[in-house]
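Here the structure comes first, spelled out in structure tokens, and everything after it is commentary.
Proteins get letters first, then strands, A, B, ... in listed order; numbering begins at 1 in each. A quick note: this is a predicted structure, and the numbers were derived from the prediction, not measured.
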There are 2 protein chains.
Amino acid sequence: MVDPQVRFEELVDKLREREYRLTPQRIALLRLLATSDGHPSASQLYDQIKDQFPTTSLATVYKTLDVLKGMDEVLELRFSGDDNHYDGHNPHPHPHLICVHCRKIIDLEVNIAQDLVQQVSWRSGYQIISYRLDFYGVCPDCQEGE
Amino acid sequence: MVDPQVRFEELVDKLREREYRLTPQRIALLRLLATSDGHPSASQLYDQIKDQFPTTSLATVYKTLDVLKGMDEVLELRFSGDDNHYDGHNPHPHPHLICVHCRKIIDLEVNIAQDLVQQVSWRSGYQIISYRLDFYGVCPDCQEGE
DNA sequence: GTGCTTGCAAACAGTTTGCAGATAG
DNA sequence: CTATCTGCAAACTGTTTGCAAGCAC
């Protein structure tokens, strides 16, 4: 994983390059995205920003996330019956592993799916643009507790 | 794919077995699920049922879908920024291919992901329960039109 | 100073729920 | 006959939008 500080500065630079304004709220969000290694949801991000900026609003979080999504700098993960989660480290599609018990979401480092994309494209005639691969299971910690 | 009529009767039997009541609205929904080979959304199903039962409601569609989900007889597919779609043919997880242009959803017959599940389970220590694999792309029809 | 951004509140969409009346078994 | 199911309407959840005031540049 990229160093959080480096990633944070990268995000700041990208916003500046495109002449987006660097408000304190945005800085706080960028820092959170760069440092939190889980995959926080919008409201989790909001809760943490609120500690520093008590008047901040969820709408602002969403608006900034929209900007970042549009720049392909965060990956939005929508889950069944859950709110969306955001990955600001690696904005490109990659497999995730979700614990159905504690809801922890981890990245799968292995990029097993790259071969699949080629195969599927070839077999179906589709021009494959992207994919989404999630595994649902019980993580080692939660297996013990049962 | 299983013959729609056979699948329809199968669904009817499963409901009867568990002593759910076979109302005309439910019969209509089961028939739709068994025959429609796209992956209809709740409101698409509702629209079609409404032709036969003008007083039917979306809530009833959802309630019956809930029953079927609970029996593992339909697979609910939630998509980003879209409403849920339902697969009543093959209720077990399998890969899908979604055209980002015409929104068509097709099943991938290949079950490439079975090996992956094993690999991931072994590498991560997770007890894998299920997975979700969607490819996003442009289908052959939509490629021509561009 | 200009106009992008914030933050509130209200709107929105899909889904779920409560309940009185209808109906399958 | 009775418990389940229907269908309406209202509630709910996460997300989006409109707009006046605020602030980055």
Side-chain angles (χ1 to χ4, degrees), chain A residues 11-32 39-71 74-86 103 105, chain B residues 11-32 39-71 74-86 103 105:
Chain A
L11 287 170
V12 170
D13 287 345
K14 300 240 177 183
L15 280 188
R16 199 173 353 236
E17 264 169 37
R18 311 214 182 182
E19 301 189 324
Y20 284 107
R21 297 198 177 160
L22 289 167
T23 64
Q25 296 90 330
R26 284 185 174 170
I27 302 282
L29 180 62
L30 297 184
R31 181 162 280 122
L32 276 179
H39 293 68
S41 66
S43 63
Q44 285 168 342
L45 291 165
Y46 168 63
D47 286 343
Q48 290 187 259
I49 296 178
K50 212 167 40 179
D51 293 343
Q52 302 172 54
F53 301 93
T55 70
T56 215
S57 77
L58 243 187
T60 299
V61 172
Y62 277 112
K63 282 169 187 167
T64 303
L65 286 171
D66 274 347
V67 168
L68 294 167
K69 275 191 284 172
M71 292 167 55
V74 296
L75 183 66
E76 185 179 67
L77 298 171
R78 300 181 102 119
F79 289 105
S80 295
D82 203 355
D83 41 9
N84 298 346
H85 290 251
Y86 297 88
R103 292 265 106 199
I105 302 167
Chain B
L11 287 171
V12 170
D13 287 346
K14 299 240 178 183
L15 280 188
R16 201 176 349 240
E17 264 170 37
R18 311 213 182 184
E19 301 188 322
Y20 284 107
R21 297 202 175 158
L22 289 166
T23 65
Q25 295 90 330
R26 282 184 176 173
I27 302 282
L29 180 63
L30 297 184
R31 182 162 280 123
L32 276 178
H39 294 67
S41 66
S43 62
Q44 285 167 343
L45 290 164
Y46 167 63
D47 286 342
Q48 289 187 257
I49 296 177
K50 213 168 38 179
D51 292 342
Q52 303 172 55
F53 301 92
T55 69
T56 215
S57 76
L58 243 187
T60 299
V61 172
Y62 277 112
K63 282 168 187 167
T64 302
L65 286 171
D66 274 345
V67 168
L68 294 168
K69 275 191 284 173
M71 293 166 57
V74 297
L75 183 66
E76 185 178 68
L77 298 171
R78 300 181 103 119
F79 289 105
S80 295
D82 203 355
D83 42 8
N84 298 346
H85 291 250
Y86 297 88
R103 292 266 106 201
I105 302 165

To the nearest angstrom, the CZ-C1' distance between A:R18 and C:dT5 comes to 18 Å
So which protein nitrogen or oxygen atoms get under 3.5 Å of nucleotides 1-3 of chain D's nitrogens or oxygens?
from: D:dA3; atom 1: N3; to: B:R21; atom 2: NH1; distance (Å): 3.0

Is there side-chain contact between B:Q25 and B:T64, with at least one heavy-atom pair below 4.5 Å?
no
After noting the C-alpha distance and the side-chain angles of B:L45 and B:L65, does the key distance pass the side-chain contact (heavy atoms from CB on, under 4.5 Å) rule?
CA-CA 10 Å; B:L45 290 164; B:L65 286 171; 4.2 Å; yes
Quick one: is B:R26 getting a side-chain N or O under 4.0 Å of the D:dT4 phosphate, OP1 or OP2?
no
Need one value for A:E19: base, sugar-phosphate or nothing, where a base atom within 4.0 Å counts as base even if backbone is also close, heavy atoms only.
nothing
What donor-acceptor contacts under 3.5 angstrom involve side-chain atoms of residues 11-20 of chain B, with partners at least two apart or in another chain?
from: B:K14; atom 1: NZ; to: B:E73; atom 2: OE2; distance (Å): 3.1

Starting from P on C:dT6, measure out to CG on A:L65 and report it in whole angstrom.
11 Å
In 5'-to-3' order, the base (B), backbone-only (S) or no-contact (-) status of each nucleotide in nucleotides 16-21 of chain D, using a 4.0 angstrom heavy-atom cut-off, is BBB---
Can you name the residues that form a side-chain hydrogen bond (donor to acceptor under 3.5 Å, both in side chains) with A:R21, not counting sequence neighbours?
none
Sequence-distant partners of B:D66, side-chain hydrogen bond (donor to acceptor under 3.5 Å, both in side chains), two or more places apart:
B:K69
When rounded to whole Å, the CD1 to P distance for the pair B:I27 and C:dT23 reads 16 Å
Non-hydrogen side-chain atoms of A:Y86 and A:L68 separated by less than 4.5 Å
no
B:L68 atom CG is separated from D:dC5 atom P, nearest whole Å, by 12 Å
With sugar-phosphate meaning primed atoms plus P, OP1 and OP2, does B:T60 contact a base, only sugar-phosphate, or nothing at under 4.0 Å between heavy atoms?
base
B:D83 versus B:S43, closest heavy-atom pair with distance:
OD2-OG, 3.7 Å
Rounding to a whole Å, what distance do you find between B:Y20:OH and D:dT6:P?
12 Å
For a quick test of reading the model: is some side-chain N or O of B:T23 closer than 4.0 Å to OP1 or OP2 of C:dA24?
no
Rounded to whole Å, how long is the line connecting atom CG of A:L15 with atom P of C:dC4?
15 Å
Grab the CD-C1' distance between B:Q25 and C:dA22 for me, whole Å please.
10 Å
Taking the side chain as every heavy atom from C-beta outward, state whether B:V67 and B:M71 have any atom pair closer than 4.5 Å.
yes
Pairs in or reaching into residues 48-60 of chain B: which pass side chain to side chain donor-acceptor pair (under 3.5 Å), with residues at least two apart or in two chains?
B:S57-B:T60
Which atom of B:F79 lies closest to which atom of B:I105, heavy atoms considered
CE1-CD1, 3.6 Å
Which whole-number value in Å describes the distance from B:L22 CG to C:dG25 C1'?
10 Å
Near-strand residues of residues 41-55 of chain B, defined as heavy-atom separation under 4.0 angstrom from DNA chain D
B:T55
I want to verify a distance call: between D:dG7, C:dG7, C:dG14, whose nearest atom is closest to the B:S57 side chain?
D:dG7
Is there a side-chain contact between A:L32 and A:P40, using heavy atoms and a 4.5 Å cut-off?
no
Residues in side-chain hydrogen bond (donor to acceptor under 3.5 Å, both in side chains) contact with A:H85, at least two apart in sequence or another chain:
none
Mapping A:T56 and B:P24 to their closest nucleotides on DNA chain C, which lands nearer the 5' end?
A:T56
